[in-house]
Amino acid sequence: MTDIQDQGTWGLREDVHHHGEHGEEAVAASAFVQPEFKAEIVELCQRGDRTLRQVSQDFDLTETAVRDWVKQADLDAGARTDGLTSNERDELAQLRRENRRLREDVDILKRATARPHHLARSPVGLAAGVR
């Protein structure tokens, strides 16, 4: 395991910019934390020599984020069953994207096959047999 304190960026991607003075950067940067950093933080919590709160404070992280990382690691390892694994989350997100795209396709097809309302009562529409 590498020494995570030597990572001056605390595991954040290089392209993350910090904004705000009251911790807003922690929320914005949370999604950009490197997986290796998360894994090392989880390992520190699971060792048991420091509490989750101590690890959170030592690395200037929110307890909620660290708790979520530990829970997700436990789900992925099969130690918990009260949530989705990372693979299941990825699959669900992919299926939701596909479902949304298919619904959009259906809507487009419905509009393309719908009766043109502007022709229904016009002389052109009546002559063309549109009713």
Side-chain angles (χ1 to χ4, degrees):
M1 177 167 85
T2 63
D3 184 7
I4 55 180
Q5 289 182 338
D6 289 341
Q7 300 176 6
T9 59
W10 298 113
L12 297 177
R13 288 193 347 207
E14 291 179 15
D15 60 339
V16 172
H17 301 285
H18 298 287
H19 302 286
E21 33 184 89
H22 302 290
E24 292 92 349
E25 67 273 5
V27 174
S30 173
F32 299 104
V33 175
Q34 296 291 338
E36 298 83 10
F37 178 73
K38 285 183 183 181
E40 291 186 37
I41 293 295
V42 168
E43 185 178 328
L44 286 172
C45 292
Q46 291 174 336
R47 274 193 214 154
D49 53 337
R50 290 193 274 180
T51 65
L52 187 137
R53 172 175 274 172
Q54 289 170 326
V55 172
S56 300
Q57 290 173 345
D58 289 348
F59 292 96
D60 196 28
L61 300 165
T62 65
E63 283 185 60
T64 303
V66 174
R67 189 175 298 109
D68 288 346
W69 297 348
V70 171
K71 179 182 178 182
Q72 192 62 54
D74 288 345
L75 287 165
D76 291 345
R80 295 179 72 145
T81 59
D82 60 335
L84 299 175
T85 66
S86 293
N87 288 339
E88 291 168 333
R89 284 177 179 263
D90 292 343
E91 181 181 11
L92 180 59
Q94 187 271 330
L95 290 170
R96 285 180 172 164
R97 281 190 303 273
E98 183 179 350
N99 194 8
R100 183 174 47 249
R101 185 185 53 79
L102 291 171
R103 273 191 261 117
E104 290 169 358
D105 290 350
V106 167
D107 288 343
I108 290 169
L109 290 172
K110 281 181 181 179
R111 284 194 302 266
T113 59
R115 187 168 117 189
H117 296 287
H118 67 281
L119 294 178
R121 296 194 186 267
S122 73
V124 174
L126 293 173
V130 177
R131 294 194 167 133

Evaluation steps, side-chain contact (heavy atoms from CB on, under 4.5 Å), between N87 and E91: CA-CA 6 Å; N87 288 339; E91 181 181 11; over 6 Å; no
For the student: nearest non-hydrogen atoms of V70 and C45, plus distance: CG2-CB, 3.9 Å
For residues 66-75, pull every pair meeting salt bridge (Lys or Arg N to Asp or Glu O under 4.0 Å), keeping only residues two or more places apart or in separate chains. E63-R67
Could you list the donor-acceptor pairs under 3.5 angstrom formed between side-chain atoms of residues 93-100 and any protein atom two or more places apart in sequence or on another chain?
unit_1	atom_1	unit_2	atom_2	d
Q94	NE2	E98	OE1	3.4

Sorted by chain and number, sequence neighbours left out, salt bridge (Lys or Arg N to Asp or Glu O under 4.0 Å) with D105 holds for R101
Partners of R80 by salt bridge (Lys or Arg N to Asp or Glu O under 4.0 Å), sequence neighbours excluded? D82
Can you list, by chain and residue number, the hydrophobic cluster partners of V106 when the side-chain cut-off is 4.5 Å? none
Connected-component partners of L92 among ILVMFWY, side-chain separation under 4.5 Å: L84
Please round to the nearest 0.5 Å and tell me the distance separating atom [atom1] of [X] and atom [atom2] of [Y].
X	Y	atom1	atom2	result
D90	T85	CG	OG1	8.0 Å
I108	K110	CD1	NZ	12.5 Å
L52	L44	CG	CG	10.5 Å

Please tell me if the side chains of K38 and Q72 come closer than 4.5 Å, counting only heavy atoms from C-beta onward. no
Only counting residues at least two apart or in another chain, list the ones meeting side-chain contact (heavy atoms from CB on, under 4.5 Å) with Q57. R53
Given the rule that I, L, V, M, F, W and Y join up when any side-chain heavy atoms are under 4.5 Å apart, are W69 and L75 in one cluster? no
